[in-house]
Amino acid sequence: MIPPCRELPVGELQRLVAGLPPVDGQSVPDPRWRRVVVCLSSDPRPGVVKAARGLARRLEAALTEHRRLVDMYEHERKLWSLGYQAVAGVDEAGRGPLAGPVVAAAVIMAPGTHIPGVDDSKALSAAQRQTLYPLIRQRALAVGIAGAGPAYIDRHNIHQATLYAMRVAITRTGLSPDHLLVDAVRLPVPIPQWSLVHGDALSASIAAASIVAKVTRDRLMNCLDRRYPQYGFAAHKGYATPEHLERLARYGPCAAHRYSFAPVRLAGQLAQGR
């Protein structure tokens, strides 16, 4: 039982708050959280009221994150309940840029696994993705990563390159998935699958794959930036930003560019005509 807060000195209240279990959204917050918030809210002392408001915000944030994660794992739970044990979420990064590879990742999580904070990579900051990347690698049952470079993209087109990278990423998990959750496309593989439009915002496994693919590709673009510093790949990661287009017009394309993409092809033609 928690005694009335107004009967406790501030130091004791601080110890009470410090003894609360952590909240991260992975599970429903411990009931003691709400009891402490209610207790503190009834205390008229200004410092305690301020502390109660801060705790209430943390509690509400944890509840909101828990509800979001419950929704994000809906497809996985359905498949796990049907007996599928190796469900792979598959996504890519880098379909749209003018340079660099398209990178795909496949992430298999054991039934019941939850990773707080996992979301569509585009909804996360670079720092958040960097924090989640090792967490996914640690907690996932298996992770596979593959890419298709500019030469493959130019030879086969970006769609086929994406499908190729996804297929290879699945094989590199080292497991045999019995069901796939794929973002937006259907893969030509003999494995049952759900193709989910905006799947990286609907499925935790796909979201995890999107984070792994994005972080991996960004690191590759940083490497290309050191090889071709004149293009600024570390800043724009090969996307058609005004800065990249200006550099492309000034220097012409390099081996890291996708010549089958119109702006690169045009820049190459202009460079040849100089």
Side-chain angles (χ1 to χ4, degrees), residues 24-26 65-96 101-124 128-148 159 161-219:
D24 58 9
Q26 184 170 349
E65 173 64 2
H66 177 67
R67 289 190 289 265
R68 187 188 70 82
L69 281 177
V70 168
D71 290 342
M72 286 285 283
Y73 280 91
E74 178 183 358
H75 294 89
E76 285 83 352
R77 284 197 310 275
K78 286 180 180 178
L79 293 172
W80 290 335
S81 69
L82 292 172
Y84 294 104
Q85 297 298 301
V87 177
V90 186
D91 200 6
E92 53 72 31
R95 283 177 64 102
V102 59
V103 175
V107 175
I108 302 174
M109 289 190 272
T113 302
H114 289 80
I115 303 177
V118 165
D119 201 351
D120 173 9
S121 63
K122 296 184 292 296
L124 301 171
Q128 288 172 319
R129 292 192 295 267
Q130 290 289 348
T131 298
L132 284 165
Y133 178 86
L135 200 59
I136 294 167
R137 299 299 302 256
Q138 292 164 11
R139 296 194 182 181
L141 197 59
V143 174
I145 306 171
H159 178 66
T162 300
L163 298 182
Y164 167 78
M166 287 181 165
R167 293 198 306 272
V168 176
I170 292 168
T171 67
R172 289 184 178 171
T173 61
L175 299 177
S176 298
D178 47 21
H179 207 291
L180 305 177
L181 293 169
V182 190
D183 185 38
V185 302
R186 186 160 188 85
L187 294 178
V189 294
I191 306 173
Q193 59 190 279
W194 281 348
S195 175
L196 304 176
V197 178
H198 302 306
D200 43 11
L202 300 173
S203 158
S205 297
I206 297 177
S210 78
I211 293 168
V212 171
K214 174 63 174 169
V215 170
T216 301
R217 186 180 189 279
D218 284 355
R219 292 175 179 178

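Index from 1, following the sequence.
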Requested in this report: Apply side chain to side chain contact (heavy atoms under 4.5 Å, CB included) to V185 and T162, showing your working.
Outcome: CA-CA 9 Å; V185 302; T162 300; 5.6 Å; no
Query raised in the report: Is there side-chain contact between I211 and Q128, with heavy atoms separated by less than 4.5 Å?
Result: no
[X] versus [Y], closest heavy-atom pair with distance:
X    : Y    : value
G89  : A209 : O-CB, 3.4 Å
D91  : A213 : O-CB, 4.2 Å
Y84  : W80  : O-CD1, 3.2 Å
I115 : L135 : CG2-CD2, 3.8 Å
A146 : A169 : CB-N, 3.6 Å
L175 : A142 : CD1-CB, 3.6 Å

Would a distance-only check, ignoring hydrogens and angles, find a side-chain to backbone donor-acceptor pair under 3.5 Å from [X] to [Y]?
X    : Y    : value
R217 : P101 : yes
Q193 : L187 : yes
H114 : G112 : yes
R186 : S195 : no
D178 : Q85  : yes
R139 : T113 : no
R77  : V70  : yes
S203 : G199 : no
R172 : I145 : yes
S210 : S121 : yes

Atom [atom1] in [X], atom [atom2] in [Y]: separation rounded to 0.5 Å?
X    : Y    : atom1 : atom2 : answer
K78  : H179 : NZ    : NE2   : 11.5 Å
D183 : I206 : CG    : CD1   : 5.5 Å
M72  : D119 : CE    : CG    : 5.0 Å
K122 : D200 : NZ    : CG    : 4.0 Å
I170 : L180 : CD1   : CG    : 4.5 Å
H159 : Y164 : NE2   : OH    : 16.0 Å

Report task. May I ask you to say whether K214 pairs ionically with D218, meaning some side-chain N is under 4.0 Å from a carboxylate O? Result -> yes
Query raised in the report: Any chance the side chains of E76 and S205 put a donor and an acceptor closer than 3.5 Å?
Result: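 Judged by distance alone, the side chains do pair up.
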Query - Side-chain donor-acceptor pair present, Y133, R137, cut-off under 3.5 Å - result: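 Yes - a donor-acceptor pair under 3.5 Å links their side chains.
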